Amino acid sequence: MIDHKETKHGVRGDVNTPATVVLKDKEVQATGKYWTKSEKNQWAFGLFCGTAMLYASRTIMPMCVVTVSKEMDWDKTESGTVLSAFFWGYTMTQFLGGYLSDRIGGDVVLPIAACMWSLITFWTPQLAFLSNDKHTALYIVVLSRVMLGMCQGFHYPGMTSIISRKVHEQERSLTYSVVSTGSHVGTLLTGSFGSLLMENYGWEIPFYAIGMLGILWMLVARYFLIAQHRERYITVGAVSPLPGPATVKEHQTVPWITLLTKPAFWSLLVGHFCENNAFYILLSWLPTFFHENFPSAKGWVFNVVPWVVTIPSSVGSGWLADHMIRKGYAVTAVRKIMETIALCGTALFLVLISFTGSYHSALICMALAVSCCGFHNSGILVNPQDIAPRHAGAVFGIMNMAGAIPGFVGVYIAGHILETTKSWSAVFNQTAGVCMVGWIVFVVFGTGKQIV
């Protein structure tokens, strides 16, 4: 049943917001509130490529950690420390990234952050050899991973702020899913191209190559996408620059007190925490799992297959969510359906991995578990734009701050469990249990209605 606050197309009525009436295409172009179709496609492609570079940079260390740990003489706990250090920094800048993006524009924040994380990626191999002492070298690598996380923490809040302002609600799920699919493409790029570079030229070369590609994306986006669109919108005198500073009304202080009293807001944080716990453990430890259990398996296969099958699930879930909203389904119901597939599906296949005995069955279960994570893009990940459209960047920053915690806690604990128990089943089963907790909380308390 459609909620009385939602239209048949899923657009909520809000007497305080004049944009609640669906604008016709000509009106949209005249006011400059939303992107035109061509602008949306251009920005979606640009942000898609940026997200791909972001994850390509992020996943080099997990891919190389087995080789690097042998060369650096790291044990499982030390490897887990290196992998999890990224998320210490990633947690620190989530809120700041959303706040700055809402205030000065995501198009200002993203290129600066991209320049920084690309340079850190490029220089990581050199930083690793600054000292001959094992522990000093470990501290330097950990610090570089923290700095990488801090710089990358600006990307998703900035991207969310842009999309929430410039894409209509009926199209947000698909647009956000397409852009977020870049994460899987970037992981795929590192798993395939990066694996080949590592096997043939050493583990240092993927860092150099991906670092240069990140800088290239930043320059192209800055001078061929952002600059041109800003100039066009200033020339035609649009009401709101693209996607520059918000209007005075949109600069209202985020009503945190109101948000903190809403169960829906807390369910968002819990659900995102639990899903990210599974995703980051898979992202960080998947190569090690296959290296240890199936040492003769080709790295480029298990580093590629799970992310290949995730791309259609991520894009398809976005199309399905938007289609359901246009057909009259309540936004709340759509978000919960997508998140049910994400969390319950991931939990199911993680449990099944413990019962597999062959390489192919383990690969299939792992691929399906990662594929289910793609539905999260159309569930909780886009939900801040539903509940707080005028403050989506800041709310997403808080949500992603909570979501980054399992990056350093969950990934580190997984490494410690492996070091002490030597049991992958223990890691996968506890991860599945966390997924189910997140699903229950979001299904009971989550909503797709605007609450602030």
Side-chain angles (χ1 to χ4, degrees), residues 42-64 68 85-87 89-90 92-94 96-97 100-101 104-130 140-141 143-162 179-198 200-231 243 283 307:
Q42 290 171 14
W43 273 88
F45 180 73
L47 293 173
F48 166 86
C49 292
T51 305
M53 289 298 98
L54 184 90
Y55 264 80
S57 169
R58 182 183 302 186
T59 52
I60 300 175
M61 185 59 77
M63 179 195 69
C64 299
V68 178
F86 169 89
F87 298 98
Y90 194 62
M92 297 178 190
T93 54
Q94 292 295 319
L96 178 61
L100 291 177
S101 298
I104 66 176
D107 61 329
V108 177
V109 173
L110 293 186
I112 298 174
C115 180
M116 297 301 296
W117 56 255
S118 297
L119 289 174
I120 293 173
T121 301
F122 184 86
W123 287 111
T124 295
Q126 298 301 317
L127 295 173
F129 293 109
L130 281 179
I140 294 173
V141 173
L143 180 60
S144 71
R145 293 281 293 170
V146 172
M147 294 297 296
L148 178 68
M150 291 178 65
C151 295
Q152 291 205 351
F154 290 91
H155 185 85
Y156 266 91
M159 188 174 71
T160 300
S161 180
I162 294 173
V179 170
S180 297
T181 300
S183 64
H184 308 305
V185 174
T187 306
L188 177 62
L189 175 66
T190 298
S192 56
F193 179 60
S195 293
L196 292 175
L197 288 178
M198 182 180 67
N200 292 289
Y201 303 104
W203 65 266
E204 300 94 339
I205 302 303
F207 285 93
Y208 297 141
I210 300 299
M212 289 300 298
L213 287 176
I215 294 173
L216 178 63
W217 172 80
M218 181 273 295
L219 294 174
V220 171
R222 178 66 183 85
Y223 294 103
F224 293 98
L225 181 64
I226 297 172
Q228 289 185 8
H229 279 275
R230 271 192 172 274
E231 181 180 355
L283 184 70
W307 310 107

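Everything numeric here is computed off the predicted structure, so don't read it as measured data. Along the sequence shown, the residues carry numbers beginning at 1.
Judged by distance alone, with hydrogens and angles left aside, the side-chain atoms of Thr93 form a donor-acceptor pair with the main-chain N or O of Met150 at under 3.5 Å. At least one donor-acceptor pair closer than 3.5 Å links the side chain of Thr187 to the backbone N or O of Ser183. Side-chain atoms of Gln152 come within 3.5 Å of backbone atoms of Leu54 as a donor-acceptor pair (strictly under, hydrogens ignored).
To the nearest 0.5 Å, the span separating NE2 on His155 from OH on Tyr90 amounts to 8.5 Å. If you take SG on Cys115 and CG on Leu219, they are separated by 7.5 Å, rounding to the nearest 0.5 Å. To the nearest 0.5 angstrom, Arg222 atom CZ is 8.5 Å from Ile112 atom CD1. Considering CZ of Arg58 and OG1 of Thr51, their distance stands at 9.5 Å, rounded to 0.5 Å. For the atom pair CH2 (Trp217) and CE (Met212), the distance works out to 15.5 Å, reported to the nearest 0.5 Å. Taken to the nearest 0.5 Å, the CG atom of Leu196 stands 9.5 Å off from the OH atom of Tyr201.
Residues Leu110 and Leu47 form a side-chain contact, since some pair of their non-hydrogen atoms from C-beta on lies under 4.5 Å apart. Between Phe122 and Ile215 the shortest side-chain heavy-atom distance does not fall below 4.5 Å. Contact of the Phe154 side chain with the Ser101 side chain is not registered, since no non-hydrogen atoms from C-beta on lie closer than 4.5 Å. In this structure, Leu148 and Met61 have side chains that are not in contact, with every pair of non-hydrogen atoms separated by 4.5 Å or more. For the pair Met53 and Trp117, the minimum side-chain heavy-atom distance is below 4.5 Å. Considering only heavy atoms from C-beta on, Leu189 comes within 4.5 Å of Ile210 through its side chain.
Closest non-hydrogen pair, Ile120 versus Cys151, comes out as CD1-SG, 3.9 Å. Gly191 approaches Met63 most closely through the heavy-atom pair CA-SD, 4.4 Å. Among all heavy-atom pairs drawn from Pro157 and Gly97, the shortest one is CB-C, 3.8 Å. Nearest heavy atoms, Leu197 versus Ala209: CD1-CB, 3.9 Å. Gly194 approaches Pro206 most closely through the heavy-atom pair O-CG, 3.5 Å. Across all their heavy atoms, Ser144 and Leu127 have their closest contact at CB-CD1, 3.7 Å.
Using bins of under 30°, 30° to 60° and over 60° for the plane-to-plane angle, the ring pair Phe45/Phe48 lands in the parallel bin.
Under a cut-off of 6.0 angstrom, the local environment of CE in Met198 is crowded, with over 12 non-hydrogen atoms contributed by other residues, nucleotides or ligands. Residue Met92 places its CE atom among more than 12 non-hydrogen atoms of other residues, nucleotides or ligands, all under 6.0 Å distant.
Checked against ring-ring contact (aromatic ring centres under 6.0 Å, His included), Phe129 has the following partners two or more places apart in sequence or in another chain: Trp203.
Using modelled atom types, one finds a donor on one side chain and an acceptor on the other under 3.5 Å when comparing Tyr208 with Gln126. Judged by distance alone, the side chains of Thr121 and Ser57 do bring a donor and an acceptor atom under 3.5 Å apart.
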Inset, instruction - Check the pair Tyr55, Val185 against side-chain contact (heavy atoms from CB on, under 4.5 Å), reporting the backbone distance first and the verdict last. - result: CA-CA 8 Å; Tyr55 264 80; Val185 174; over 6 Å; no
